[in-house]
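When a residue number appears, it is its place in the shown sequence, counting from 1.
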Amino acid sequence: MTRLTKSTLSALSEAVRRPAYDRARLTAGIVHLGLGAFARAHLCEYTEDALELEFGAWGVTGASLQRPDQRDRLAPQDGLYTLLKRAPAGPDLRLIGCLGEVLVAPESPAALIARMASPDTRIVSLTVTEKGYCHDPATGRLKADHPDIVHDLAHPDAPRSAVGLIVAALKARRAAGLGPFTALSCDNLPHNGGVLRGLVRDFAALSDDGLAKWIEANGAFPATMVDRIVPATTDADIAEVAGLIGLEDAAPVIGEPFRQWAIQDVFAAGRPAWERVGAQMVSEVAPFEFMKLRMLNGAHSSLAYLGYLAGHETVSEASGDPVLARYLEGLWAEIIPTVPAPQGVVLSDYAQALLARFRNPAIRHRTWQIAMDGSQKLPQRLLGTIRDRLRQDAPIDHLALGVAAWMRYVSGTDEKGVTIDVRDPLAATFAENARAAGRDATTLSRSLFGIEAIFGGDLPREPRFTQAVERHLAALFDKGARATVAAL
C-alpha cells in the first residue's frame with residue numbers, strides 16, 4: 001500500500017478531513033518535548049483547529065527525548081498523521097498537518113537546544129509523564145541526585161532531561177538577548193506550571209544563580225489541565241486506519257471524541273487562538289485540575305488495577321462490569337466531598353459523564369497502560385484524597401481498596417499466577433519486596449508503606465489507613481479482585 005506523504009494526498013479517502021491551510025507557509029513556533037500519542041491527539045489537534053481559524057506561526061516541532069521511533073515513523077510521512085476519533089456512532093478521521101520536523105534529543109541535543117532557543121520558538125510544551133520531571137512527587141522539588149540531573153549538571157550542553165533542556169535553551173536565549181519562551185506543561189501532575197517553574201529555577205540555580213533569577217523574573221509557566229482518553233496505538237489500529245484512509249500511515253493516533261483543556265492565560269510571547277476552538281483560558285486552573293485529578297485520574301488508576309486483576313484488558317470492559325461499576329460509584333461518593341466544584345460544574349453529573357466515557361466500547365484503553373508508573377501517580381491521584389477523608393473522619397473503604405489493588409498489582413503476578421509486566425521507576429524495589437513477602441499481605445503492605453517517596457511519613461503511622469489497606473490486600477490475595485469488590 002502507498003505510504004501517506006504530502007505527495008500522495010490525492011489518494012487519500014474523501015472521508016478524511018484535511019488541513020484547511022497552506023502547510024508550505026507554516027513556521028514552527030512551538031517545540032513539544034515528549035512527542036507521544038497524547039500530545040499528537042490533544043495539543044496538535046487544538047493547534048490544528050486554531051490554525052484553520054486564525055493562521056499564524058504556530059507549527060509544531062516535535063522532540064523525542066529517548067528513542068528515534070517516532071521520528072522514524074513520521075519523517076517519511078512529512079510529519080502527517082491520522083487522528084482517528086472513536087465514538088459509538090462510528091469513526092471520525094482527520095489528517096493533522098501542523099507537525100513539521102521531529103528531532104531526537106539523544107542524537108543531537110545541540111540541535112534541539114538550538115531550535116528551542118530560536119527566536120521563532122515562543123512556546124516549549126511538554127508531555128514527559130510524571131517521572132520525566134526528575135522530582136520528588138511528595139514535595140514537588142527537584143531531585144538533585146537523580147541520575148539525569150547529575151548528568152545534565154556535568155554536561156550542560158548535552159542534557160538528557162526535559163528540565164535540563166529547558167534551562168540550556170533559556171540560557172542560550174538570555175545570552176542572545178532574547179526573552180524567554182513560555183514553558184507549557186501538559187502532564188497530569190498537580191500545579192504542573194508551578195512545579196515546572198520551581199524545577200527549572202532550582203536546576204538553573206545549581207549552576208548559575210543569575211540565570212535562575214532571570215527565569216524567575218521573566219519566565220512564563222502556565223498551569224494546565226488536559227483531558228482526553230488516548231489509548232496506545234496497536235498494530236490492529238494501524239491496519240484499520242490504512243483501510244479507512246486508503247494509505248499506509250505508520251503513526252496514527254486514536255482518541256475519544258471528548259477533549260478538555262483549561263489553560264492559565266499567562267504567556268511570555270503570544271500563543272495560538274486556542275480559546276476560539278474550545279480551550280478554556282482561565283486565571284486559575286486549580287479547580288479544574290483538582291477535580292480531574294481526583295475524580296477522573298483517581299478512578300482511572302483504581303479501575304485499572306482492579307480491572308487488570310479481574311481479567312479485564314480495557315477500561316470499557318472493566319467499567320462495563322456491574323461489580324466494578326458499583327465500585328466506581330462508591331469511590332466517587334468518597335471523593336466528591338473533598339472536591340470544590342469549579343464554576344458551572346455539578347460533580348455528580350461529572351461523575352456520570354466519566355462513567356459514560358469509560359464505557360465507550362470504541363476506545364480500547366488498556367488497563368495495563370494506565371497501571372504504569374503507579375509510584376509516581378498514587379500520591380496525587382489517591383493519597384491526597386485519603387488524607388482529606390481521614391481529617392474529616394470519613395470512610396475510606398473504596399479509596400483504600402484502590403491502594404491495595406496497586407499493591408497487589410506490583411506484587412508481580414496476576415490471579416492466575418502469570419507474571420505482570422510492571423512498568424515503574426521502582427519496579428525493582430517492588431519485585432524485591434514481593435519476593436520477601438510472598439502472599440503475606442501484612443509483610444508486603446508494610447514494606448511498601450515504608451517507601452516514603454510514595455506514602456510520606458504520615459500515612460504509614462495512620463492505622464485507619466494501614467489496616468484498611470492490609471485487610472483489602474489480604475482479600476485480594478485470598479478471594480481475587482472481583483469477589484473483594486463485590487464484598488464491599
Side-chain angles (χ1 to χ4, degrees), residues 38 42 130 137 186-192 223-231 255-263 280 282 284-307 314-316 318-321 323-360 363 365 367 369-371 373-374 376-392 394-406 485 488:
F38 184 84
H42 193 267
E130 290 93 336
C186 300
D187 279 299
N188 282 319
L189 68 161
H191 315 295
N192 54 12
T224 68
M225 187 279 279
V226 299
D227 192 4
R228 184 173 229 166
I229 297 173
V230 181
E256 64 172 333
F258 178 90
R259 67 179 189 179
Q260 186 177 17
W261 197 9
I263 312 171
Q280 297 163 280
V282 299
E284 183 57 62
V285 169
F288 294 91
E289 173 188 78
F290 195 74
M291 175 185 71
K292 187 226 176 181
L293 185 70
R294 292 201 169 181
M295 292 188 64
L296 186 150
N297 298 136
H300 234 183
S301 287
S302 299
L303 183 66
Y305 297 121
L306 289 166
T314 67
V315 170
S316 61
S319 56
D321 182 328
V323 170
L324 293 181
R326 284 196 300 273
Y327 166 76
L328 286 175
E329 292 174 358
L331 181 67
W332 281 319
E334 292 179 4
I335 293 171
I336 284 174
T338 74
V339 178
Q343 185 175 358
V345 177
V346 177
L347 295 179
S348 59
D349 292 346
Y350 180 67
Q352 289 307 305
L354 291 177
L355 184 58
R357 290 172 62 196
F358 288 176
R359 285 177 166 170
N360 181 352
I363 292 291
H365 201 178
T367 50
Q369 181 190 10
I370 300 164
D373 303 325
Q376 308 290 298
K377 298 173 180 177
L378 215 65
Q380 292 82 25
R381 296 186 175 194
L382 289 175
L383 300 184
T385 310
I386 288 170
R387 287 183 174 94
D388 284 350
R389 295 285 288 179
L390 291 172
R391 280 192 288 270
Q392 297 165 358
I396 60 167
D397 238 19
H398 292 75
L399 288 157
L401 178 53
V403 176
W406 167 78
V485 174
L488 270 181

task = Taking side-chain hydrogen bond (donor to acceptor under 3.5 Å, both in side chains) as the test, write out the residues that go with Thr385, two or more places apart.
result =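 For Thr385, the residues satisfying side-chain hydrogen bond (donor to acceptor under 3.5 Å, both in side chains) (neighbours in sequence not counted) are Arg294.
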side-chain hydrogen bond (donor to acceptor under 3.5 Å, both in side chains) partners of Arg389, counting only residues at least two apart =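 For Arg389, no residue satisfies side-chain hydrogen bond (donor to acceptor under 3.5 Å, both in side chains) once neighbours in sequence are set aside.
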At what distance, to the nearest 0.5 angstrom, does [atom1] of [X] lie from [atom2] of [Y]?
| X | Y | atom1 | atom2 | answer |
| --- | --- | --- | --- | --- |
| Gln392 | Ile396 | CD | CD1 | 11.5 Å |
| Leu383 | Leu378 | CG | CG | 4.5 Å |
| Leu303 | Leu354 | CG | CG | 11.5 Å |

query = Among side-chain atoms of Lys292 and Asn188, is any donor-acceptor pair under 3.5 angstrom?
reply =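 The criterion, which ignores hydrogens and geometry beyond distance, is satisfied for Asn188 and Lys292.
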Tell me every residue that passes salt bridge (charged side-chain N to carboxylate O under 4.0 Å, His left out) with [X], counting only those two or more places apart in sequence or in another chain.
| X | result |
| --- | --- |
| Arg381 | none |
| Arg357 | Asp227, Glu256 |
| Asp187 | none |
| Glu130 | none |

Side chain to side chain contact (heavy atoms under 4.5 Å, CB included) between Asp321 and Val485, intermediate numbers included = CA-CA 11 Å; Asp321 182 328; Val485 174; over 6 Å; no
inquiry  = If you apply the rule side chain to side chain contact (heavy atoms under 4.5 Å, CB included), what do you find for Met225 with Val285, and how did you get there?
reply    = CA-CA 7 Å; Met225 187 279 279; Val285 169; 3.9 Å; yes
Show the nearest heavy-atom pair for residues [X] and [Y], with the distance to one decimal.
| X | Y | value |
| --- | --- | --- |
| Gly402 | Leu382 | C-CD1, 4.1 Å |
| Gln376 | Pro137 | OE1-CG, 3.8 Å |
| Gly307 | Ala318 | CA-CB, 4.1 Å |
| Phe288 | Val282 | CE1-CG1, 4.5 Å |

message = Under the criterion side chain to side chain contact (heavy atoms under 4.5 Å, CB included), I'd like the reasoning laid out for Leu347 against Met291: C-alpha separation, chi angles, the key distance, then a yes or no.
response = CA-CA 8 Å; Leu347 295 179; Met291 175 185 71; 3.7 Å; yes
Flag the pair [X] / [Y] as yes when at least one side-chain heavy-atom distance between them is below 4.5 Å, and no otherwise.
| X | Y | answer |
| --- | --- | --- |
| Pro340 | Phe290 | yes |
| Leu355 | Ser319 | yes |
| Pro231 | Ile363 | yes |

Go through the structure and list residues passing side chain to side chain contact (heavy atoms under 4.5 Å, CB included) with [X], not counting sequence neighbours.
| X | value |
| --- | --- |
| Thr224 | Leu184, Asn192, Val226, Trp261, Ile263 |
| Pro287 | Glu284, Pro342 |
| Ala356 | none |

Using residues 323-333 as the side-chain source, report each donor-acceptor pair under 3.5 Å to any protein atom, sequence neighbours left out, with the distance given to one decimal.
| from | atom 1 | to | atom 2 | distance (Å) |
| --- | --- | --- | --- | --- |
| Tyr327 | OH | His398 | O | 2.8 |
| Trp332 | NE1 | Met295 | O | 2.8 |

query = With no hydrogens and no angle check, is any side-chain donor or acceptor of Arg228 less than 3.5 Å from a backbone partner on Phe258?
reply =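 At least one qualifying donor-acceptor pair exists.
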request  = Could you tell me whether a side-chain N or O of Thr338 sits under 3.5 Å from a main-chain N or O of Ile335, the two making a donor and an acceptor?
outcome  =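 Checking the backbone N and O of Ile335 against the side chain of Thr338, a donor-acceptor pair under 3.5 Å is found.
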request  = Using ring pair (Phe, Tyr, Trp, His ring centres under 6.0 Å) as the criterion, list what pairs up with Tyr350, not counting sequence neighbours.
outcome  =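 Ring pair (Phe, Tyr, Trp, His ring centres under 6.0 Å) list for Tyr350, sorted by chain: empty.
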request  = For His191, enumerate each residue passing the ring pair (Phe, Tyr, Trp, His ring centres under 6.0 Å) test, keeping only those at least two apart in sequence or located in another chain.
outcome  =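 Checked His191 against ring pair (Phe, Tyr, Trp, His ring centres under 6.0 Å); zero matches.
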ask   = Where do Ile370 and Val315 land on the side chain to side chain contact (heavy atoms under 4.5 Å, CB included) test, with the steps shown first?
value = CA-CA 9 Å; Ile370 300 164; Val315 170; 3.2 Å; yes
task = Could you check whether the rings of Phe358 and His300 sit parallel, tilted or perpendicular, using 30° and 60° as the cut-offs?
result =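 Because their plane-to-plane angle is under 30°, the rings of Phe358 and His300 count as parallel.
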